[in-house]
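Chain A is the first sequence line, chain B the second, and so forth, proteins listed ahead of strands; every chain is numbered from 1.
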Amino acid sequence: MSQQAPVWSVVGRGARGAVTVVDLDADGGELQTAHLTAEQWPEHARHHEGAHRPRWVFSDTASWYPQLLAAGVTVSRCHDLRLIHVILRHSQLVEDPGPVRAATAWDAPIDQGLEAAPDQGATLFDLDASASSGGVPHDLEESLAEFARHRAATDGSADPGRLRLLVAAESAGALVAAELHAAGVPWDVAEHDRILAEALGPRPGTGQAPARMVEAAAEVRSALGDPTLSIDSPPKLLRALHRAEIDVESTSQWELLEHDHPAIEPLLRYKKMSRLLTANGWTWLDEWVDDGRYRPVYVPGGVVTGRWAASGGGALQIPRQLRPALRADEGWRLVSADVSQLEPRVLAAMSGDSAMAAAGADRDLYAGIVDAGVVETRQEAKVGVLGALYGGTTGDSGRVVPRLRRNFPAAMRLVDEAAATGERGGTVSTWLGRSSPAPEAEWTRAQTTANLPDAASGEQERARRAARDRGRFTRNFVVQGTAAEWALSWLAALRLSLAGFDPVPEAEQATPSGPVFARRAHLVFFLHDEVIVHAPAAQADAAASAILTSAEAAGRLLFPGSVVDFPLDLTITERSPAK
DNA sequence: TGGACGGGCGCG
DNA sequence: AAAGCGCGCCCGTCCA
């Protein structure tokens with residue numbers, strides 16, 4: 001009897017760290033089962049991956065995959081039950097009611113337990129079988145049952161094709177997130193220290209402020225005539241500003257900039273330094289950079305729109321100022337790419353707005369809007385488009401949006417309708433079918449009571465404001481969420497492409513003791529619309545091509561037949577420019 | 001003492 | 001210059 005090749009391999013944990021792998025055929029029929037010890041499991045995975053390339057079904061990729069990576073095993077594809085559950089549970093494309101809608105252990109909070117155990121995934125086998133990390137079940141029976149619910153929900157959905165793309169992209173993202181953490185961003189500690197010293201003065205002793213901050217603080221106190229002022233306390237600072245007759249409502253930099261007073265310049269300088277020191281100073285360096293690698297913890301699906309979040313290390317907020325600290329290893333290159341104006345392009349594609357697509361035909365969509373005669377300046381175009389995406393109503397944005405509405409009717413109709421749906425308390429969905437969360441009970445209650453005949457006017461106003469707030473959220477949700485889907489599709493294609501690169505010889509490895517993919521071009525950073533690949537110099541051009549090809553593939557996959565393209569700004573450097 | 005919360009600011 | 005969306009992190013303040 002010939003052995004049928006598995007399409008899916010469902011992984012589950014048994015007693016005392018044992019692992020069971022059940023292979024399924026395309027219809028979910030069980031083919032064979034392997035019972036393994038914790039020690040046997042990575043080797044089994046390596047062999048199984050090499051022989052069959054199944055789609056691995058993990059209860060939670062963040063719990064399973066780091067161990068494989070630590071053992072030098074990578075996999076091509078997976079299905080992340082935890083992440084996909086969240087999507088299917090809320091998607092408007094999925095039949096309702098249905099088995100996947102029922103409350104189960106798979107509804108566990110998304111980040112529980114992850115923060116406690118971001119490294120190496122040792123937790124999964126340290127815990128006994130009844131416990132769970134990440135809040136979701138890891139045992140085989142639960143995983144098989146949940147996986148069957150996923151397939152039923154997807155197959156029976158209003159659009160199985162789109163949902164399958166979303167499921168694959170989200171799961172690929174989970175693999176990428178684990179691999180990014182394992183790889184780490186090559187980080188030049190000396191350069192980081194140099195930037196800090198240049199901005200703040202040399203590293204001070206424990207409990208001491210850097211010299212240049214001390215100077216700036218003294219200048220502020222002197223200019224405000226308050227020798228003991230604690231500048232870090234906004235209320236105290238505000239009172240001191242008022243005493244000096246600087247009439248501001250807050251201590252934020254943009255408001256301070258409007259005033260002319262000798263205290264303003266040193267104060268802004270102090271704030272800038274304080275921010276750098278507390279967010280990315282020497283303490284951050286000590287805590288987050290180890291052995292020349294910065295390893296933030298990524299949280300796929302951490303944002304309701306489908307964007308990733310980060311937990312610890314502030315991966316989403318590395319200041320441009322520190323970009324030069326990203327430096328390729330000797331003999332390696334950083335291949336960086338970001339998409340020009342991803343969100344408006346996504347809007348043009350999903351709405352089929354041919355005028356907006358035409359405006360984006362060249363690399364700069366904002367310049368295209370100016371060239372089309374819609375607005376006078378690039379700045380107006382940018383502010384207007386952001387206003388359209390975010391729901392801006394005031395200032396320049398409010399003035400320009402009506403012009404966009406006339407010139408890009410299809411695009412504007414899509415976001416305007418998303419906003420109207422949100423204001424009514426309705427649900428909107430991304431292009432591939434991720435749906436917005438239902439309004440909170442308190443929101444609904446406020447809308448209901450505000451509509452009663454005897455509602456107070458203040459109550460009505462509050463309810464209207466809450467409705468508009470929600471409208472801006474749903475307006476942006478469809479675009480931000482679809483952009484996230486494009487970016488995940490880009491990542492998914494790119495990581496598979498890079499996985500096909502040949503390993504470089506031992507002597508040229510970036511991190512000889514690092515994960516297996518560190519021997520060839522590999523992803524080291526991802527931020528919404530931007531990727532950085534760390535590549536041996538000889539593979540840099542090929543990596544750049546892979547990045548471009550993957551972006552084209554993502555566009556075709558999501559928007560087949562669309563004329564909208566997604567141009568990249570791409571650079572190959574040894575050291576990341578500050579931009 | 002310790003958690004919740006908001007101001008402020010970095011990123012897209 | 002921000003505005004209008006989405007985040008995370010640090011700080012000070014408030015309150016139990």
Do other residues, nucleotides or ligands put more than 12 heavy atoms under 6.0 Å from A:K382 NZ? no
Testing B:dG8, B:dG12, C:dT13 for proximity to the side chain of A:L527, the answer is B:dG12
message: With a 4.0 Å cutoff (strictly under), does any side-chain N or O of A:T393 reach OP1 or OP2 of C:dA3?
response: no
| query | Step by step, would you call A:K271 with A:E265 a salt bridge (Lys or Arg N to Asp or Glu O under 4.0 Å)? | reply | CA-CA 10 Å; A:K271 280 168 163 279; A:E265 187 278 326; over 6 Å; no
Rounded to whole Å, the CG-P distance (A:L347 to C:dC5) equals 17 Å
Assigned chi class of C:dG6 under the 90° convention is anti
Residues of residues 268-290 of chain A with a heavy atom under 4.0 Å from any atom of DNA chain B, listed by number, are A:K271, A:K272, A:R275
Closer than 4.0 angstrom, basic N to acidic O: yes or no for A:R495 and A:E179? yes
Of the candidates C:dT13, C:dG6, B:dG10, the side chain of A:P319 sits closest to B:dG10
Closest of B:dC11, C:dG12, C:dG4 to the A:P234 side chain is C:dG12
Worksheet item: Is A:R307 side chain donor-acceptor paired with the B:dG12 base, going by distance under 3.5 Å alone?
Response: yes
Note: for A:G398 and A:Q480 on DNA chain C, the residue whose nearest nucleotide lies more 5' is A:G398
| query | Does a sphere of radius 6.0 Å around CG in A:D286 hold more than 12 heavy atoms from other residues, nucleotides or ligands, not counting ones at 6.0 Å or beyond? | reply | yes
Discussion item. Is the phosphate of B:dC11 approached by A:R320 (side-chain N or O, under 4.0 Å from OP1 or OP2)?
Written reply: yes
Exercise. Report the C-alpha separation of A:V289 and A:R293 in whole Å, then their side-chain angles, then the decisive distance to 0.1 Å, and conclude whether the side-chain contact (heavy atoms from CB on, under 4.5 Å) test is met.
Key: CA-CA 5 Å; A:V289 180; A:R293 291 291 186 270; over 6 Å; no
When rounded to whole Å, the OH to P distance for the pair A:Y298 and C:dG8 reads 14 Å
Whole-Å distance, A:I231 CD1 to C:dC10 C1', equals 17 Å
Tell me what A:T305 touches on the nucleic acid: a base, only sugar-phosphate, or nothing, going by heavy atoms under 4.0 Å. nothing
Do A:D226 and A:R243 sit within salt-bridge range, that is, some charged N less than 4.0 Å from a carboxylate O? yes
In whole angstroms, the gap separating P of B:dG12 from CZ of A:R345 amounts to 17 Å
Please confirm whether A:R470 makes a cation-pi placement over A:W443, using NZ or CZ under 6.0 Å from the six-membered ring centre and within 45° of the ring normal. yes
Margin query: Please determine whether a side-chain nitrogen of the Lys or Arg among A:E215 and A:R212 lies less than 4.0 Å from a carboxylate oxygen of the Asp or Glu.
Written below: no
Using a heavy-atom cut-off of under 4.0 Å over every strand shown, decide if A:T251 touches base, sugar-phosphate, or nothing.
sugar-phosphate
Numerically ordered, the residues 400-434 of chain A set in heavy-atom contact under 4.0 Å with DNA chain B is none
Presence of A:Q253 side-chain N/O under 4.0 Å of B:dG10 phosphate oxygens OP1/OP2: yes
Check: A:W284 ring centre within less than 6.0 Å of A:Y294 ring centre: yes
Between A:V303 and A:E258, whichever has its closest DNA chain C nucleotide further toward 5' is A:E258
**Message:** Tell me whether the side-chain N or O atoms of A:Q317 pair up with the base of C:dG8 as donor and acceptor below 3.5 Å, since no angle test is needed here.
**Reply:** yes
* **Within the 6.0 Å centroid threshold, strictly below: A:W288 and A:W282** => no
Here the distance between atom P of C:dA2 and atom CG of A:D396, to the nearest Å, is 12 Å
For DNA chain C, the dot-bracket notation using Watson-Crick and G-U wobble pairs below 3.5 Å, [ ] for pseudoknot-type crossings and | for other-strand pairs, is ....||||||||||||
Over all strands shown, is A:V383 touching base, sugar-phosphate only, or nothing at heavy-atom distances under 4.0 angstrom?
base
To the nearest angstrom, the NE2-C1' distance between A:H528 and B:dG10 comes to 12 Å
A:L342 atom CG is separated from C:dG6 atom P, nearest whole Å, by 17 Å
Side-chain contact check for A:Y390: nearest option of B:dC11, C:dC5, C:dA3 is C:dC5
- Message: Heavy atoms only, 4.0 Å cut-off, all strands: where does A:L257 land among base, sugar-phosphate and nothing?
- Response: nothing
Regarding the side chain of A:P235, the nearest nucleotide among C:dT13, B:dG8, B:dG12 is C:dT13
Electrostatic pair A:E440:A:R445 at N-O distance under 4.0 angstrom: no
Handout entry: Within 45° cone and under 6.0 Å: A:R162 NZ/CZ vs A:W431 ring
Key = yes
Quiz item: Just wondering, more than 12 heavy atoms not from A:D469 lying within 6.0 Å of its CG?
Solution: yes
Between CZ of A:R465 and P of C:dG4 the distance, given in whole Å, is 12 Å
Using a 6.0 Å cut-off, check whether atom CD of A:E459 has over 12 heavy atoms from anything other than its own residue. yes
